[in-house]
Amino acid sequence: MSKKLATRKSAKKATPSPVAAVAIVTATAESELSYDEMLNELEAIVIDADARLAEEEASL
């Protein structure tokens, strides 16, 4: 009986959630960005993170 329970638990873990499916679709749709576009996006993320960090440190 414990084998059946273990099989059910592993089957549940293997089933993707709807959120994961949306993330996969989104990642697939966005993978059409060129290298330069991806680099620009990453640079914008880093600049934004630096600004947020500076604001957070200033407020402490």
Side-chain angles (χ1 to χ4, degrees):
M1 180 146 178
S2 63
K3 276 189 172 183
K4 288 182 183 179
L5 183 59
T7 303
R8 280 192 228 144
K9 284 184 179 179
S10 64
K12 286 182 182 178
K13 289 181 183 177
T15 306
S17 69
V19 174
V22 170
I24 291 169
V25 170
T26 303
T28 304
E30 293 176 359
S31 66
E32 296 176 10
L33 293 174
S34 72
Y35 176 80
D36 289 332
E37 290 170 327
M38 286 189 284
L39 185 59
N40 289 337
E41 289 293 322
L42 288 172
E43 288 174 342
I45 291 168
V46 169
I47 290 169
D48 187 47
D50 285 340
R52 288 182 184 186
L53 183 62
E55 288 176 3
E56 186 177 313
E57 288 176 351
S59 68
L60 294 178

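None of these values were measured; they are calculated from a predicted model.
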I'd like a table of donor-acceptor pairs (distance under 3.5 Å, sequence neighbours excluded) in which one partner is a side-chain atom from residues 38-47, with atom names and distances.
| from | atom 1 | to | atom 2 | distance (Å) |
| --- | --- | --- | --- | --- |
| Asn40 | ND2 | Asp36 | O | 3.3 |

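- Listed by first then second residue, pairs satisfying side-chain hydrogen bond (donor to acceptor under 3.5 Å, both in side chains) with a partner in residues 51-60 read Asp48-Arg52, not counting sequence neighbours.
- When the side-chain contact (heavy atoms from CB on, under 4.5 Å) test is applied to Glu37, the partners found at least two apart in sequence or on another chain are Leu33, Ser34.
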